[in-house]
Amino acid sequence: MTVLDAHRTIDAVWKMESARIVAALVRMVHDVGLAEELAQDALVAALEQWPVTGVPDNPGAWLTAIAKRRAVDHVRRSQRLQRKQEEIAHGLDRRQAEQEQEPHHDDVLRLMLLSCHPVLPTEARVALTLRLLGGLTAEEIGRAFLVAATTVTQRIAAAKRTLAERRVPFELPDGPELAERLSSVLEVVYLIFNEGYSATSGDDLMRPGLCHEALRLGRLLAELAPQEAEVHGLVALMEIQASRSAARTGPGGEPVQLHEQNRGRWDQLLIRRGFTAMLRARRVGGPPGPYVLQAAIAVCHAQARTAEDTDWARIAALYRALAHQLPTPVVRLNRAVAVAMADGPQAGLALIDGLLDDPALRDYHLLPSVRGDLLARSGRAQEARVDFLRAAALTRNAAERAFLERRAEELSVPGPPRVTLGAATRDFLARDDLDAATLRSYGQTLRRLGLAVGDQVPLASVTPEQVARVFATVWGGAAARTWNRHRAAVRSFAAWAALNSLEAGATGDAGYAGDARHDANDPNDMNDLAAAVERRTETRAGMPALPSSQLEAVLGHGDVALREQVLWRLLHESAAPVTTVLALNVEDLDLDDRRARSGGVWVNWRSGTARLLPGLLAGRTRGPVFLADRRPGPARRPTEADLCPDTGRSRLSYGRAEYLFKQATRPLDPSGHGYTLHRLKPRD
């Protein structure tokens, strides 16, 4: 056997056996991180020995034996250090004997429950599950989710640290707790499948590798928990959805809607597997849960020979039952689609219009996409076009964006070019009569407005009612001062647009004048954009500052990123406004004197920030101090002043910074909403 053949064999065996080996080691050493290191030692031993001695007859048992031997050696070293060799050795022998008497599949189920434990954030659960149970490397996980491998590594390390600090036991819970923990596992598996089935970002609509991994995990879970109907329901749902993969995209990778798919390309083997899993769920019995109901909906689609044969009345009834159990906005949106197919587009629109003010759907591109489709079917082409453009602006997937823009183009009416909200915003922000801080504040408001309404919608079609809805859903919970700041930005933009419309009309310019919805003789008419947004009364008495002890408790949590540690300490130590601190550039910093110049004022900090700041900069010499998590997309490129020339990432936004602090301080806030960044500013 050649070295290359041996390495290929080792890779295949490791994919199959790694989860079982790690699970066995966790039982011995009670530490996920250490167990993975010991398993990696066994893998290294195989890489060194198998190319020379050949692959053993039972490679999985060989790897397990080597890994256990490494575990025993580690434990014995610890015993000597703690001077309790005899007592601990006796306990180890007893635990090993117990392990030999228990089936291995229980250990794998325990590992699943551990990696998907509710104490971990969703991103960490996904990364840890794919690492421990899928055998994927950080690079492979990063490629699948379009994040850096270092980010994945940090998530996995933080997850292991949290499990160790919380002393999460490696055991099977009983009764209701088992059902709750299984629900968390199912959520993670389905999230992995959905990211592969409908990628949220990137150039491709699908990432088949993630779908296959989720199916493998789901089938494995069905073997480990055969008496759980919801497990079989999830497997049935994924099998049937995966059966449509080949028909979901056209020759150029563009999406093909369900009713337009060539059903002859659906994978009948996967459909039969889905039906079999559904029968297993029914045999288990009990009232159907959310996954069983969703699987029943998938079965309805799979049983229809043509799109016209689909039993939409039954699907609508199933969605009604699902919405009763799982009343999420997304489920209600899907129910609206089913109702529209069963009872007509007007019935679906009535349900969808009730979701327009839901904050959870404010950036969900499928809401305007579905609404645009129903409007088009109702003959309201121009309204449909506006919604398709807004959906295109919201999606981060290039294939979906191109599809939605094409649908909007098909509904366009020939005529002179019309000024869009996005174009007007860019013209407004290109002015040279405003200082940098004001432009940054205006830009934050107007870009958020464009994201909510749609950058490509004609400026003339934007109504005060739409603007008021955006304010209610996006800034409804903001402080009065923040609300009024955004309102002032919209009013300033509206007055500028009205003036441009008046001047364009006087000069015969086809730009703003040709697009004016308002009376060109009334320069104040464009102020109607903010007419439905009432000014809020501001009070001087603010909320008390967060005590230093509580801030240290928040910062002491293991999953707080370095960027947030620096930002929160700097805000607390400097008492500077949040916008001033976020506007800091690396070239403004004077690290020796612990100060920086920003917007004409000095920002000073103390030892806590000084200790962490160099690590955050990581050798950067220019650009924003606080950077966003990823590079901006081509459609949302900020100004050069807000881009880091070394990393290509943009300046951290106020909204994102505030969201992260609210998430971290939710346990401290009696209301459960979390604190705003203003609470970090000490008060006299």
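Only a predicted model underlies this, so the values are computations on that prediction, with no experimental measurement involved. Positions are given from 1 along the sequence.
- When only modelled atom types and interatomic distance are considered, Arg679 and Gln550 share no side-chain donor-acceptor pair under 3.5 Å.
- Ser653 places a side-chain N or O within donor-acceptor distance of the main-chain N or O of Arg656, the cut-off being under 3.5 Å.
- The minimum heavy-atom distance between Ala393 and Asp455, with the atom names listed, is CB-N, 4.3 Å.
- Taken to the nearest 0.5 Å, the CG atom of Asn194 stands 11.0 Å off from the CG atom of Leu210.
- By the salt bridge (charged side-chain N to carboxylate O under 4.0 Å, His left out) test, Arg535 is found to be paired with Glu538, residues two or more places apart in sequence or in another chain being considered.
- Heavy atoms only, all atoms of each residue included: Ile192 and Val126 are closest at CG1-CG1, 3.9 Å.
- At distances below 3.5 Å, at least one donor-acceptor pair connects side-chain atoms of Asp588 with backbone N or O atoms of Asn585.
- Not one N or O on the side chain of Tyr654 forms a donor-acceptor pair closer than 3.5 Å with the backbone of Ser441.
- No side-chain heavy atom of Leu113 sits less than 4.5 Å from a side-chain heavy atom of Arg110.
- More than 12 non-hydrogen atoms from other residues, nucleotides or ligands lie less than 6.0 angstrom from CD of Glu587.
- For Trp475, the ring-ring contact (aromatic ring centres under 6.0 Å, His included) test picks out Phe471, His486, with sequence neighbours left out.
- In this structure, Leu652 CG and Leu660 CG are separated by 7.5 Å, a value rounded to the nearest 0.5 Å.
- The only member of His572, Arg594, Glu573, Gln565 that meets side-chain hydrogen bond (donor to acceptor under 3.5 Å, both in side chains) when paired with Thr609 is Glu573.
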Would Thr676 and Val578 count as a side-chain contact (heavy atoms from CB on, under 4.5 Å) here? Give the steps. CA-CA 10 Å; Thr676 66; Val578 180; over 6 Å; no
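- Legend: residues meeting salt bridge (charged side-chain N to carboxylate O under 4.0 Å, His left out) with Arg649, ordered by chain and number and at least two apart, are absent.
- Looking only at side-chain heavy atoms (C-beta outward), Leu322 and Gln294 come within less than 4.5 Å of each other.
- Of all non-hydrogen atoms in Arg536 and Ala480, the two that sit nearest each other are CB-CB, 3.8 Å.
- At least one donor-acceptor pair under 3.5 Å links the side chain of Arg401 to the backbone N or O of Thr395.
- The CG atom of Leu582 sits 7.0 Å away from atom CG of Leu571, with the distance rounded to the nearest 0.5 Å.
- When atom types are taken as modelled, the side chain of Asp435 and the backbone of Ala437 share a donor-acceptor pair closer than 3.5 angstrom.
- Under the 3.5 Å distance criterion, the side-chain polar atoms of Arg651 are matched with a main-chain donor or acceptor of Ala641.
- For the 3.5 Å distance criterion, the side chains of Arg440 and Thr579 fail to qualify, holding no donor opposite an acceptor.
- Residue pairs meeting the ring pair (Phe, Tyr, Trp, His ring centres under 6.0 Å) criterion with at least one partner in residues 582-629, sequence neighbours excluded, do not occur; the list is empty.
- Put simply, SG on Cys116 and CG on Leu128 are 8.0 Å apart, with the number rounded to the nearest 0.5 Å.
- Counting only distance, with no hydrogens or angles, the side chain of Ser184 and the backbone of His117 share no donor-acceptor pair below 3.5 Å.
- Taken from OG in Ser548 to CG in Leu680, the straight-line distance is 10.0 Å, to the nearest 0.5 Å.
- Here Asp433 pairs with Arg431 under the salt bridge (charged side-chain N to carboxylate O under 4.0 Å, His left out) rule; sequence neighbours left out.
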Does Val330 form a side-chain contact (heavy atoms from CB on, under 4.5 Å) with Leu361? I'd like the steps, not just the answer. CA-CA 8 Å; Val330 174; Leu361 296 177; 4.2 Å; yes
What verdict does the side-chain contact (heavy atoms from CB on, under 4.5 Å) test give for Leu191 and Arg125, after you've listed the backbone C-alpha separation in whole Å, the side-chain angles of each residue and the deciding distance to 0.1 Å? CA-CA 10 Å; Leu191 189 152; Arg125 281 185 258 170; over 6 Å; no
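- Annotation: side chain of Thr580 is in contact with side chain of Val603 (closest heavy-atom distance under 4.5 Å).
- Between the side chain of Trp496 and the main chain of Ala424, no donor-acceptor pair closer than 3.5 Å is present.
- No side-chain heavy atom of Arg448 sits less than 4.5 Å from a side-chain heavy atom of Thr445.
- Between Glu36 and Leu132 the shortest side-chain heavy-atom distance falls below 4.5 Å.
- Qualifying salt bridge (charged side-chain N to carboxylate O under 4.0 Å, His left out) partners for Arg620, counting only residues two or more places apart in sequence or in other chains: none.
- At least one side-chain heavy atom of Leu333 sits under 4.5 Å from a side-chain heavy atom of Tyr364.
- Look at Asp353 and Arg371 and you find a salt bridge, because one of the NZ, NE, NH1 or NH2 atoms lies within 4.0 Å of a carboxylate O, short of that distance.
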Carefully, step by step, assess Arg569 and Glu552 under the rule side-chain contact (heavy atoms from CB on, under 4.5 Å). CA-CA 9 Å; Arg569 285 193 182 279; Glu552 291 301 328; 3.0 Å; yes
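- Although no hydrogens or angles enter the test, the distance criterion places no donor-acceptor pair under 3.5 Å between the side chain of Ser369 and the main chain of His365.
- Of all heavy-atom pairs between Leu643 and Gly648, the closest is CD2-O, 3.5 Å.
- The shortest heavy-atom contact between Arg563 and Leu627 is NH1-O, 2.6 Å.
- Arg487 places a side-chain N or O within 3.5 Å of a backbone atom of Val533 that can act as its donor or acceptor partner.
- More than 12 heavy atoms of other residues, nucleotides or ligands lie within 6.0 Å of CZ in Arg597, so this atom counts as buried by the packing criterion.
- By the 4.5 Å heavy-atom criterion applied to side chains, Arg426 and Arg447 are not counted as neighbours.
- Closest approach of Tyr675 and Thr665 over heavy atoms only: N-OG1, 2.8 Å.
- Side-chain atoms of Ser492 and Phe428, non-hydrogen and from C-beta on, do get closer than 4.5 Å to each other.
- From Leu584, atom CG reaches atom OG of Ser598 across 4.5 Å, with rounding to the nearest 0.5 Å.
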